[in-house]
Amino acid sequence: MSALVIRDLSVRLKKGPPLLRRVPLDLAAGEVRGLVGESGAGKSMIGKAVLGILPPSVEITGGEILLEGTDLLRLPPKERRRRIGATCALIPQDPLTALNPSHRIGPQITDRLVDILGWTRPAADARARELLAEVQIADPDRVLRSYPHELSGGMRQRILIASAFAAEPRLIVADEPTTALDVTVQKQILRLIAGMQARHGTAILFVTHDLGVVSKVCQRLSVLYSGMVVEDSTVADFFAAPRHPYSAALLAATPKYTDPAAGLNPVPDAVIDAVRAEVAAFDRGAPHG
Amino acid sequence: MLDGRSQVRRRAGLRLWLSAGWLGALALAALLAPWIAPKDPLAQDLFLGRLPPVWMAGSEPGYWLGTDSLGRDVLSRILHGARVALLVALVAGTITCLIGATLGLLAGFLRGWVDMVISRLIDIWMAFPPVLFSILLIAVLGPGLMSIIIAIVVIDWTRFARVVRAEAMAQGAMDYVASARVAGRGRLGTMVREVLPNVLPTIVVLLTLEMGIAVIVEAILSFVNLSISTDDPTWGGMISEGRTSIHQAWWVLVFPLVTLFLTVLSFSQLGEGLKDRFDPVLR
Amino acid sequence: MPILRILLLRLLTTIVTLAGVAVIVFVVIRIVPGNPIAMMLPPGATEEDIARLTALYGLDKSIPEQFAIWVAGVLQGDFGTSITTRQPVLDLVLGRLPATLELSIMALVMAMILGGAAALTGTRFRGGRTEGAIDVANGMALSVPDFLWGLILILLFGVLMPVFHISGRVTPSLDLPFATNFYLFESLIRLRFDLWADIVAHMFMPALALAIPLAAIIGQLLKQSLKETMNLDYVTLARTKGYGETRVILREALRNAALPTLTLVGVQFTFLIGGTVIIERLFSYEGLGNMAIDAVINRDLPLIQGIVLLFAAIFTAVNLIVDLLYAVLNPRLRHA
Amino acid sequence: MADLYQIQDLRLSLADMTAKPLLGAAPKIEILKGLSFTIPKGSAVGIVGGSGSGKSTLGRALVRLLEPSGGTIRFDGADITHLSDAALRPLRRRFQMIFQDPMSSLNPRHRVGTIIAEPLRLHGFTDIPTRVTRALDQVGLPQAFAMRFPHELSGGQRQRVGIARAIALEPDFILADEIVSGLDVSSQAQVLNLLERLVRDLGLTLAFISHDLSVIRRLCQQTIVLHQGRIVENRPTPDLFADPLADYTQELLSAIPLPDPAQPWG
């Protein structure tokens, strides 16, 4: 059973160039899929489209987003919002700006449970305490009463992860969740996400620019270039032998301390030209979006 | 997004042209007032008092916008009043800008004791109610064009100093200032060559705004009878006179008021428009 | 602790500022040409009369001496005697203060309502025509000062559609049972809604004239701040939780966006109070500002000093209150 | 090989404005807690550390954007620790810096040509147009770019302008502070290749600040690991990677996710 199926998703700037070109994507229940690409490739646009948080300057021009079989794009806005709130969650990039500075931590974890899912407050509070214990926060009662500025960056990222898992979502979009962190903290947080994901059986769309991270936490990945999926592989296959020349070049450009020669191979112009031609050919063949 | 930007630009362009057009026409009218004004602005004729504008019943040909209670031609007085208004706007606006922006730039960029002194001065100045302060100054200096200009400069330099100081401080924290230091540029050189160009758009907006404010201050001072002299035509003086006869002769108030309104609006829109048009970063 | 520190720091700078204001006013008005004593005496007064009165008011001494005497008086609560009315300055000024305070606060409330509504509506419907219209209205309101708005309002609602009074604070023929000069406030307490309505009908236009530019500033700053806040991660996160747009604006964004606006509004409110001087004149409203202009025209030196100092004290008090509010509303400072 | 930089017990404190008392100066926080090291002429030294390690502060002290509160910095034998701005000016040409964020470090109101030419003019160079042309050429940007404004360039191109500005002065030393952290991997590789080539061709001494050990591995002969304002390890790069001695270096190395599913990691 797929947690999420995306068919032919096309997104563009209002009256502007396309940002996503008929993107296909299949995410099995309990699977972690990496979305990789360079900036502007549209990787985080997919997650935003699923969660209904595309910026107002952007519009969806076609395709389907099937969440457990229901096409989100066909639901009336209010119902769509509730359904996303009940079954999906977001782990954002920057823990320093992702918590509201004027609310305490407790309500920021429980608000969805109480307001959208209709839990009682004591039940929601108990759940929050349980979640904080799961993300290894000692003294949960104090933390729940704290304001964000009283906590460290690593602590805040743990709270955001706890909050994402609060309503047992079927799908989590993790949008570059460790890009802002030091590499040692990144390791702890990635382990935490992987552990929670395995325990709860949640499917994750993992948006990142770092192929190293993908190789550690994902089972499958999609490589994007200019809003087009150029490769869709299992992680094992991809790192053994990438199929598309562009994704092969991207892998070769990623620095690697065990191999001083890696990481200084820019994507060759010929590869860029070829993949651009591919995008152009695609646009000619598909007026859609 | 691209489209949205061009739309903003079109609107900004229209705004720029409309305001520049009005101010240009006004400047021309002010220059040529002695030749194009249909009547002598000072000539009184009690038999022709409170004549309505020409399109109304009981009007007199030649008095296009009617006359005030002393029978003076409203249109001619507006045209002559524009001379005073624009002169005050240009001279007072420019001097205020030079002094205020310089002090603000020095305080915001150099920091330290320079900032301490200037900031404390600004604080003291901000504790004065500006209108009362200007009336007080005119009482001290005596009425006249020079006094008005001095009063505006003395009071309004803080408007520039405050904003420019904050802006210069923000720019001072940017790495291009550090890189000028690495390149070996001195402090004052960095301030003038690197920081000033980045603060200039703000200064231009403030300058045109200040010109509008100067026109208003002149009008306010005429209104409380402290401007040039009671006879010389000024917009504020006309408004003051119109306020007292508002139920009998609305035109004495309305026409100078509309002129003043459009002028003040044009000055502020001109600044915004110029900023949008000549800012390489926005372009 | 930080709140106490802010308070102390403010108090220190306030003293410096007020001292500066006192010195400047004192010096400036003493170079006013024309003898104020000569102006208050009847035409037939002799040289000796003038000299005697001049000595009585201490105007024959040097400026530093006069200043020392005045400061000594102020520290004992004696702000001198008005030359024109021969009443204590303090009584005169405090008698007029309530009228100006009521007008300013009414204007502030109007500005916050108008500006807040404009900002919230503009944010809710951002990117559309509604926002464009609000921006244009804001731009106009912002670039035209209170004096002109006052004149325009007089024309519109005083002459064209006479619904409000264009002069005075209250209809003179009414019998006022008030013990204080806070008419607006006291009429409510005494449940005299007839009087309250009359006072509001007098106050409405001057207050609105003062409120329009401030409303535009609040509208512009708050909307900008709201729009920036709406792009922050915690707002996005709230959207994914299933909340609607209006709820997200009010619950997640408004409070954080209002904080930076607040400090700027403090300064702008002092500008508004400064604006009462000319607006009170325009609407013949019997407040401090109107009295101040008369005092300048009559060269009533002690009265001018008293009024200017009072205005300066109000301005610094407003800044102090804003700083405290900021500290109270900002969890970072409250719990640090 | 002689040392270009000799750093002895370098200490640097910055005022903590958040804890400033009502009267008097704000308390100081020590960011750099006694660093000693040398940078040999013609070498490339990597400085690595997490956020809060003091690596950027150290960089800014080396080019004397900050004044140390203790210890000494010797540049080519001369003590520059407390030199005034005026006394530093003639020396400034010899140590240049490339900044992390090119959007902030290139003046948005100046054209690229001006940005490169201004420092040359300050230091009394002649035939400036030729030198600007050559600098643009060296960083692989077309001549037409001299007429552009920074916001008209891509991130990688802006960073090339930053490099061109630095090398045009023919310095002895270049400090590169996280210059590729904002770039995609492909332009990152281009900028690094360019820097490596220029350092070699022009015989420059380089200090390269980064949080990314993989990048330092490729570029630098010597690596300094900073942690909380102290040097925890300072060794030739191959040795450091083969056999990290300090606990923190080991932790840092083992935390890097290699693009390789076979790496034992988590």
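Computation of the quantities below employed the complete heavy-atom set of this structure, encompassing side-chain atoms and omitting hydrogens, waters and symmetry-equivalent molecules. Convention: sequence-line order gives letters A, B, ...; per-chain numbering from 1.
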TODO: State, without any angle test, whether A/K216 and D/Q263 hold a side-chain donor-acceptor pair at a distance under 3.5 Å.
DONE: yes

- [ ] Please say whether more than 12 non-hydrogen atoms of neighbouring residues, nucleotides or ligands are located less than 6.0 Å from CG in A/D273.
- [x] yes

TODO: Just grab all the ring pair (Phe, Tyr, Trp, His ring centres under 6.0 Å) pairs involving residues 209-235 of chain A, residues at least two apart or on different chains.
DONE: A/Y225-A/Y246

- [ ] Determine yes or no for a side-chain-to-main-chain donor-acceptor pair under 3.5 angstrom, with A/K43 supplying the side chain and A/L35 the backbone.
- [x] no

- [ ] Would you list the pairs meeting ring pair (Phe, Tyr, Trp, His ring centres under 6.0 Å) in which at least one residue belongs to residues 179-201 of chain A, sequence neighbours left out?
- [x] A/F165-A/H200

- [ ] Establish, from distance only, whether the side-chain atoms of D/S186 and D/D184 form a donor-acceptor pair under 3.5 Å.
- [x] no

Task: Any donor-acceptor N/O pair, A/D182 side chain to D/G50 backbone, under 3.5 Å - done: no

- [ ] Verify, without hydrogens or angle tests, whether A/E31 (side chain) and A/A28 (backbone) share a donor-acceptor contact under 3.5 angstrom.
- [x] yes

TODO: Sort by residue number and list every member of residues 195-209 of chain D having a non-hydrogen atom under 4.5 Å from chain A.
DONE: D/E196

Open item on the list: Looking at A/D26 and A/R33, is any side-chain nitrogen of the basic one under 4.0 Å from a carboxylate oxygen of the acidic one?
Closed with: no

Task: Contacting moiety of A/L190, where chain D heavy atoms sit under 4.5 Å - done: side chain

TODO: Please check if any side-chain donor atom of A/R21 sits under 3.5 Å from a side-chain acceptor atom of A/S226, or the reverse.
DONE: yes

Task: Proximal to chain A - members of residues 235-256 of chain D, heavy-atom separation under 4.5 Å - done: D/F241, D/E251, D/L252, D/L253, D/S254, D/A255, D/I256

